[in-house]
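Notes follow the structure.
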Number of protein chains: 2
Amino acid sequence: MMSFFDEQAVTSSDKAFFRMRKEIVEGEIAAGSKLSEMELSTKYEVSRAVVREAINRLESCHLVERKANVGARVVTLTPEGLMELYQIREALEGMAARLAAQHMTDSEIRDLEGLLSSQFDEVKNQHSYYQEAGDLDFHYRIILGSKNASLISMLVNGLYHLVRMYRVQLGMAGPRVTTAFDEHKHIVRAISNRDPELAEILMRRHIQYSKNNIATKLASNQSHF
Amino acid sequence: MMSFFDEQAVTSSDKAFFRMRKEIVEGEIAAGSKLSEMELSTKYEVSRAVVREAINRLESCHLVERKANVGARVVTLTPEGLMELYQIREALEGMAARLAAQHMTDSEIRDLEGLLSSQFDEVKNQHSYYQEAGDLDFHYRIILGSKNASLISMLVNGLYHLVRMYRVQLGMAGPRVTTAFDEHKHIVRAISNRDPELAEILMRRHIQYSKNNIATKLASNQSHF
DNA sequence: AGACTGTAAATTGTCGACAATTTTCAATAT
DNA sequence: ATATTGAAAATTGTCGACAATTTACAGTCT
């Protein structure tokens, strides 16, 4: 369990891409820093061509920005940027929930309910790991349940790594466990009732709450300095 | 007028990318066909490396699909695929309209109103070119008005070329002029009233109508064969 | 001192060649 | 005839070298 898209690296560029993405998302390569093709190719012991290809793919994930004849830099993180991403998440995942209510199979919905009740036990027993992995699992299933291939690709391959980068590096790993769990429950109920309208509304509110939660944290973080 | 993002080609790869994108969108390179790197590099008189880079960028626009060690193919068009894109458009452009109602400046809104009334004259005088260019112009302005850089990039650089490819190749260039014009008018009114909620609802309905219009055309097209 | 200029260094862009993999297809066996 | 095998052909992946462009910096001028 817990592996949705086992994107396995077949080529060298794949490996370089995955590795660089990990290092960028987790801050090992600093936000805003320049990506020197030469430097990286010696560091990873591959040719410049594969580094270039990896950088191109990072650019299409919006993790780095490239200027012709000048080079690529890791995107710089701003609170506004994170808020913008949450606006997009609200729109896309709201639609995903709507579609999931229409297109998920009965057995997929039962699995989703099962996931939730197993998570309920964990939360009750104070296994606090819920927030990160559990929340992600829940959202992934609904995204996949939309059965909209383009939407799935946009969210899974693109947006989520960006969001994760922001959350890791701006220190937004906070809990918000208990209320989020109830929100998940209501979303699943709407889906199992085959109520697309409500599923979308609830998902959007769920993401708005997350966004507000993060916004206040960002504000308090800034006031500490 | 009528050039929003004059994405100018500075490098050879840019030129190859723009040219290939044009040929794919307009069907000169057939949907579903294989893209041979060698073949294209002789055709365009550039090295394989620049063709490769262009193909990579086409892949990140979802215009081609690539499999490692096998090659790249232009995406195949299906009615379902087009419907999926319209679901995403509904979500993203709905959000764009909401944000535009919050973030567009008064002068930008006045310009938008000006655009609409100039288009009204054209429609009245039977200049039927409205549908394609005029509709696009309207939507672009609202997208830019959202002031959300990630959202703008997703729609302008990514989704719109895909949608255009479908519309061109499936022969969906039809009119729907008069009703669409009224819908535009109501959306602008909501924006100028600074009513994000209504702006989003109206934009979503506008896109739903487009979608339904296309769906019926697709159905009638199929029944002809 | 500060602004401008031109040359040198460094970095990115492009190329052709070689390596690895897939595909083709003829030869063979059942 | 069909299926299987294996070598050859074709295609993609990777590499190092060269070209074009940008950046750094020393020298000059006001």
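Below, chains carry the letters A, B, ... as their sequence lines are ordered, and counting in each starts from 1.
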Side-chain N or O of A/Ser47 versus OP1/OP2 of D/dC15: is the shortest distance under 4.0 Å? yes
Round to a whole Å and report the spacing from CD of A/Glu53 to P of C/dT14. 15 Å
Measure from the side-chain heavy atoms of B/Lys34 and tell me the nearest of C/dC15, D/dT11, C/dT11. D/dT11
Give the minimum heavy-atom separation between A/Ala101 and A/Ala199, together with the two atoms involved. CB-CB, 4.2 Å
Selected nucleotide, minimal atom distance to B/Ser12 side chain, candidates C/dT14, C/dT22, C/dG13: C/dT14
Check whether any side-chain nitrogen or oxygen of B/Arg52 sits under 4.0 Å from OP1 or OP2 of D/dG13, and answer yes or no. yes
Rounded interatomic separation in angstrom, taking CE from A/Met38 and P from D/dC18: 16 Å
Under 4.0 angstrom, heavy atoms only, what part of the nucleic acid is B/Ile55 near: base, sugar-phosphate, or nothing? nothing
To the nearest Å, give me how far apart CG (A/Asp14) and C1' (D/dT14) are. 13 Å
Expressed in angstrom and rounded to an integer, what is the separation of A/Leu35 atom CG from C/dA10 atom C1'? 17 Å
Between atom CG in B/Leu40 and atom P in C/dT14, what is the gap in whole Å? 16 Å
In whole angstrom, what separates B/Arg48's CZ from D/dT14's P? 11 Å
With nearest nucleotide decided by heavy atoms, which residue, B/Ala49 or B/Val70, maps closer to the 5′ end of DNA chain D? B/Val70
For D/dT14 and A/Thr11 - does any side-chain N or O of the residue sit under 4.0 Å from the phosphate oxygens OP1/OP2? yes
Given atom CD of A/Glu37 and atom C1' of D/dT22, what is their separation to the nearest angstrom? 14 Å
Report yes or no: is the cationic atom of B/Arg89 (NZ for Lys, CZ for Arg) under 6.0 Å from the centre of the six-membered ring of B/Tyr86, at an angle within 45° of the ring normal? yes
Candidate list A/Ile142, A/Asp135, A/Leu112, test side-chain contact (heavy atoms from CB on, under 4.5 Å), partner A/His184, passing option: A/Asp135
For B/Tyr160 and B/His139, take the angle between the two ring planes, folded into 0 to 90°, and tell me which bin it lands in: parallel under 30, tilted 30 to 60, perpendicular over 60. tilted
Out of the candidates B/Ile29, B/Leu58, B/Leu63, only one should pair with B/Val74 under the side-chain contact (heavy atoms from CB on, under 4.5 Å) rule; please name it. B/Ile29
Spacing of A/Tyr44 atom OH relative to D/dT14 atom C1', expressed in whole Å: 18 Å
Given C/dG13, C/dT11, D/dG13, the nucleotide with the shortest approach to the side chain of A/Asn69: C/dG13
Note: for A/Ser13 and A/Lys67 on DNA chain D, the residue whose nearest nucleotide lies more 5' is A/Ser13
